[in-house]
Every structure is written in structure tokens, then in C-alpha cells.
A.B. asks: 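Below is the structure I would like to discuss, written out as C-alpha cells.
Residue numbers run from 1 in the order of the sequence given.
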Amino acid sequence: NYQVYKYTYDTAEQLSMNMMKKLAQSYVPNLMQSGANTMEAQLQEMKSRNRAMIDASVEEQHKIYIRSVILTCSATVIGILLALLAFAVVNLSVVRPIKKTTKNLDQIVADIQNGHGDLTARIEVKSSDELGRLANGMNIFLKTLQKIMGQIVANADYLGNVVNTVSGSVDTAS
């Protein structure tokens, strides 16, 4: 339509230059106005289509934005829940056994320091990890200490008997 309009315009211009103004004046209103009206209608239609495409694109972008917000919020909530779950698992599998073992060991040490220690007391071993090996090592230490204390008591009794024998011999000699 633009080319038809341009052709009509160029023709009208040629007619006007060739001193055929009357023919040019009759030519212009009919053909050029018709071409201009057609182009204007087509431009309005293009404008409407472009506006509709832009509106559809904006709507699609808005939907994508809403989905991404929902996805981000969901991922954040899931991340927080996983962090809480990890905290609970670590607390149950690491922190509580350490606290329990430390409490048992502190009680045994406090009793030994007060002179009322029960060397037969042992720390409960529930695992074979580092904490379990540490508790097992403490139990071996307490068992060894118990044996040493038993030997000291036995030797003290033996020395007591020797002293009594020597004392009896000294009394007899006296």
C-alpha cells in the first residue's frame, strides 16, 4: 500500500510539474486519500496487534515472576526445614552422646577426687565411633586404675601382716 501511495504521489507530482494541475488535482483526492486511509487502517491494525503482543508478553513475564517467587519461597522453606532436620540429627547423634559421656565421666572423676570413687563404675559405650573409642579408653583406664588400687590394697595388707609378724617377733624377743 505504501508503494501504491508513493506511486500515486509521484504521478501527481509529475502531472503538477508538467503543468497538468487540474488533472493532478482530480487525481490526488481520489487515489491518494484512498491509499492514505488504507495505510492508516493497516497502521492502526498493526498498532493493535503489537499492543496485544506486548500485553501478552507482559502477562507471561508476570506469570514467570510469580512462579519464581513461589519457587524461591518454597526452596527457602525447604532449606530451613532441612537445616532444622540436620540440626536435630547432629544433636541426637553427636551432642547428646557427648554430653552424656561427659556427665558420666565428670561424676566418676568427682567421686574419685572426694575419696568416695567407685572404680567399678564404667561409662556406657553405645557406638564404635570416636566418642565410643574415647569412652572405651576411659573404661580401660578405670579398669587399670582399679587393678593398681587392688594391688596397692593387697600389698598394704601384706605389709600389715609383715609388720604384725615383725612386731610379734620384737615382742617375743623383748
A.B. asks: Which residues pass the side-chain hydrogen bond (donor to acceptor under 3.5 Å, both in side chains) test with Glu60, sequence neighbours left out?
C.D. replies: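 If we apply the side-chain hydrogen bond (donor to acceptor under 3.5 Å, both in side chains) test to Glu60, skipping adjacent residues, there are no hits.
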A.B. asks: Between Ser169 and Thr165 (side chain of the first, backbone of the second, donor and acceptor by atom type, cut-off under 3.5 Å), is there such a pair?
C.D. replies: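 Yes, the answer is positive, given that a donor and an acceptor are paired below the 3.5 Å cut-off.
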A.B. asks: The criterion is side-chain hydrogen bond (donor to acceptor under 3.5 Å, both in side chains); which residues satisfy it with Arg51, sequence neighbours excluded?
C.D. replies: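 So Arg51 forms no side-chain hydrogen bond (donor to acceptor under 3.5 Å, both in side chains) with any residue.
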A.B. asks: Per the salt bridge (charged side-chain N to carboxylate O under 4.0 Å, His left out) rule, what does the pair list look like for residues 92-106, sequence neighbours excluded?
C.D. replies: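 Output for this query lists Lys100-Glu124.
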A.B. asks: Taking side chain as C-beta onward, heavy atoms only, is Ile108 less than 4.5 Å from Leu142?
C.D. replies: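 Side chain of Ile108 against side chain of Leu142, heavy atoms only: contact under 4.5 Å found.
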A.B. asks: In terms of hydrophobic clusters joined by side-chain contacts under 4.5 Å, are Ile140 and Ile148 together?
C.D. replies: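 Per the 4.5 Å side-chain linkage, Ile140 and Ile148 are not co-clustered.
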A.B. asks: Same hydrophobic cluster for Phe141 and Leu105, using side-chain heavy-atom links shorter than 4.5 Å among ILVMFWY?
C.D. replies: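 Per the 4.5 Å side-chain linkage, Phe141 and Leu105 are co-clustered.
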A.B. asks: Among Val95, Thr101, Val94, which one satisfies side-chain contact (heavy atoms from CB on, under 4.5 Å) with Ile98?
C.D. replies: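 Passing option: Val94.
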A.B. asks: Going by the side chain to side chain donor-acceptor pair (under 3.5 Å) test, which pairs reach into residues 145-155, not counting sequence neighbours?
C.D. replies: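 Residue pairs with at least one partner in residues 145-155: Arg122-Gln146.
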A.B. asks: What's the separation between atom CG in Asp157 and atom CD1 in Ile152, rounded to the nearest 0.5 Å?
C.D. replies: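 Between atom CG of Asp157 and atom CD1 of Ile152 there are 12.0 Å.
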A.B. asks: Which pairs count as salt bridge (charged side-chain N to carboxylate O under 4.0 Å, His left out) when at least one residue sits in residues 164-174, sequence neighbours excluded?
C.D. replies: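 Not a single pair qualifies under salt bridge (charged side-chain N to carboxylate O under 4.0 Å, His left out).
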A.B. asks: Say you draw a straight line from CG of Asn161 to OG of Ser167; how long is it, rounded to the nearest 0.5 Å?
C.D. replies: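 These two atoms lie 12.0 Å from each other.
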A.B. asks: With rounding to the nearest 0.5 angstrom, report the OG to CG distance, Ser48 to Leu43.
C.D. replies: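 Reported to 0.5 Å precision, the distance equals 11.0 Å.
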A.B. asks: Atom CE of Met138 and atom CG of Asn104: how far apart are they, to the nearest 0.5 Å?
C.D. replies: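 Here the interatomic distance stands at 12.0 Å.
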A.B. asks: What donor-acceptor contacts under 3.5 angstrom involve side-chain atoms of residues 66-91, with partners at least two apart or in another chain?
C.D. replies:
residue : atom : partner : partner atom : Å
Ser68   : OG   : Ile64   : O            : 3.4
Ser68   : OG   : Tyr65   : O            : 2.7
Thr72   : OG1  : Ser68   : O            : 2.7
Ser74   : OG   : Ile70   : O            : 2.8
Thr76   : OG1  : Thr72   : O            : 2.8

